**Q** 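My questions will all concern the structure given below.
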Amino acid sequence: MADALSALASVYDAGPVGVTRATPGVTLQERPARNLVQLSGWPENFDTICDRIAALLGIRVPVDCLTVTTHDDLSIFRVGPMRLWFVSDTNSTRLSEFLGTLEAKDGVVTEINHSRTVLRIRGPEARTVLNRGLPIDLENGAFPEHVFVQSVIHHIPVLVHRLASPDDTVFDVYVPREYARSFWEWLINAAEPLGGQVLEVC
Amino acid sequence: MLRIACPYCGERDYIEFLYAGDAAREMPALSDTDIDRWTDFVFFRDDPKGEHAEYWQHQHGCRQWLKVIRDTVTHRVISVTPAIEAGLQADEDKVEVA
Ligand SMILES: [Zn+2]
């Protein structure tokens, strides 16, 4: 199968960004190899579908549009009251099996992994960098681990997910592919005064 | 600064939302042929001072349509209801009147 080309391929430059610090204030890294599938349900039977997900995938569907539930490397984001994102690093056989059981009356399944560019933003200044454009409180109490928001940065719709990490602050930011270049430019500008490091694509 | 408490996502900045018009007006029945009622519905809006019902879409969040009661003087948001619930409630109210 042909490999997907990164939207940032022509501008992505691993190396230091802006001011030099002993350790970078923030590291930036593209994460291309994600599987992302959206399921949009119907009001009549969405609860039943959620029960089936719990039974077949072993993951409880989040009750709100804020918490991410995860089992192994498969996570569920409830991006709308009746809209779910399934995200995993690898091809999940359990997920494909489950999606295979769905009929039109159960919901609409759309593969959207090529529609998003995923960036990992990590480090002591990660919050400061994001908050240069993101109107969301990212402090621990308001935005703990396993929480996500959909909001807007630099007029670009983004989904920001805080991952669990015992010793630093880590966010994955999902950006629509068509705005990835523009977002990247914004991100580099925001990171420059704080001292950043662009890591090799993982 | 206008802040809107989305019933699904929580309180958010207005830049995440799309203003989508007056929620107080009522569409005439499709069988209604009265030109004045249609003209009024399509072209004319009240400009109230104080509470105003309006539709907003949480465009960059959960993408749901919301019915917001906002004070046009202070910008205070008085209530936010999912539009789908507000619509069902309005339908029920209509049945009761009939
Ligand atoms: Zn919302």
Side-chain angles (χ1 to χ4, degrees), chain A residues 38-44 46 61-68 76-85 108 110 112 115-116 130-139 141-144 147-162 173-176 178-179 182-183 186, chain B residues 1-21 23 26-27 30 52-96:
Chain A
Q38 176 175 280
L39 168 65
S40 301
W42 309 112
E44 304 80 54
F46 188 68
V61 172
V63 289
D64 55 33
C65 299
L66 289 169
T67 321
V68 183
I76 302 180
F77 297 70
R78 192 169 191 153
V79 292
M82 281 177 290
R83 208 167 58 249
L84 306 176
W85 276 13
V108 179
T110 320
I112 54 172
S115 80
R116 293 294 187 284
L130 285 171
N131 274 148
R132 289 185 164 235
L134 182 71
I136 296 287
D137 184 352
L138 295 178
E139 287 309 316
F143 202 77
V147 157
F148 79 98
V149 288
Q150 297 171 95
S151 185
V152 64
I153 294 179
H154 193 47
H155 302 281
I156 299 167
V158 290
L159 184 151
V160 180
H161 172 206
R162 178 156 179 212
V173 181
Y174 294 70
V175 184
E178 59 269 41
Y179 295 114
S182 180
F183 183 82
W186 175 88
Chain B
M1 181 61 78
L2 195 58
R3 303 270 294 173
I4 298 174
C6 172
Y8 304 104
C9 307
E11 189 181 291
R12 298 296 181 83
D13 206 276
Y14 85 102
I15 61 167
E16 293 181 11
F17 296 84
L18 175 78
Y19 176 72
E26 224 175 283
M27 192 171 98
L30 287 173
H52 185 227
E54 45 204 33
Y55 289 118
W56 289 76
Q57 189 198 12
H58 197 186
Q59 191 186 26
H60 295 307
C62 60
R63 295 197 230 156
Q64 295 304 295
W65 287 83
L66 308 171
K67 188 174 175 180
V68 174
I69 310 291
R70 179 179 64 97
D71 190 310
T72 59
V73 181
T74 61
H75 282 318
R76 191 167 72 90
V77 172
I78 294 148
S79 72
V80 186
T81 329
I84 188 165
E85 283 172 26
L88 293 173
Q89 187 58 48
D91 288 346
E92 276 172 27
D93 292 348
K94 269 183 211 155
V95 173
E96 276 170 31

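Computed from a prediction, not measured in an experiment: that's the story for all the values here. Here is how names work: the chains are called A, B, and so on, in the same order as the sequence lines, proteins then strands, and each is numbered from 1. Only heavy atoms go into these numbers, but all of them, side chains included; no hydrogens, no water, no symmetry mates.
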**Q** Please name all residues satisfying side chain to side chain contact (heavy atoms under 4.5 Å, CB included) with B:Q57, sequence neighbours left out, ordered by chain then number.
**A**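 With sequence neighbours excluded, B:Q57 shows a side chain to side chain contact (heavy atoms under 4.5 Å, CB included) to B:L18, B:Q59, B:R63, B:W65, given in chain and number order.
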
**Q** So which residue, A:P135, A:C65, A:P81, ends up with the most heavy-atom pairs under 4.5 Å with chain B?
**A** A:P81

**Q** Who in residues 5-14 of chain B is close to chain A, using a strict under-4.5 Å heavy-atom cut-off?
**A**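 Counting heavy atoms that sit under 4.5 Å from chain A, the residues of residues 5-14 of chain B involved are B:Y8, B:C9, B:R12, B:D13.
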
**Q** Relative to chain B, which segment of A:I156 carries a heavy atom at a distance below 4.5 Å: side chain, backbone, both, or neither?
**A** neither

**Q** According to side-chain hydrogen bond (donor to acceptor under 3.5 Å, both in side chains), who are the partners of B:R76, at least two apart in sequence or on a separate chain?
**A** none

**Q** Can you measure from CD (B:E16) to OG (A:S151) and round to the nearest 0.5 angstrom?
**A**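 It comes to 3.5 Å.
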
**Q** A:R83 versus chain B, heavy atoms under 4.5 Å apart: side chain, backbone, both or neither?
**A** side chain

**Q** Restricting to non-hydrogen atoms, name the atom on B:H60 and the atom on A:P157 that form the minimum distance, rounded to 0.1 Å.
**A**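 Taking every non-hydrogen atom into account, ND1-CB, 3.4 Å.
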
**Q** With B:H75, which residues qualify under side chain to side chain contact (heavy atoms under 4.5 Å, CB included), at least two apart?
**A** B:L2, B:R70

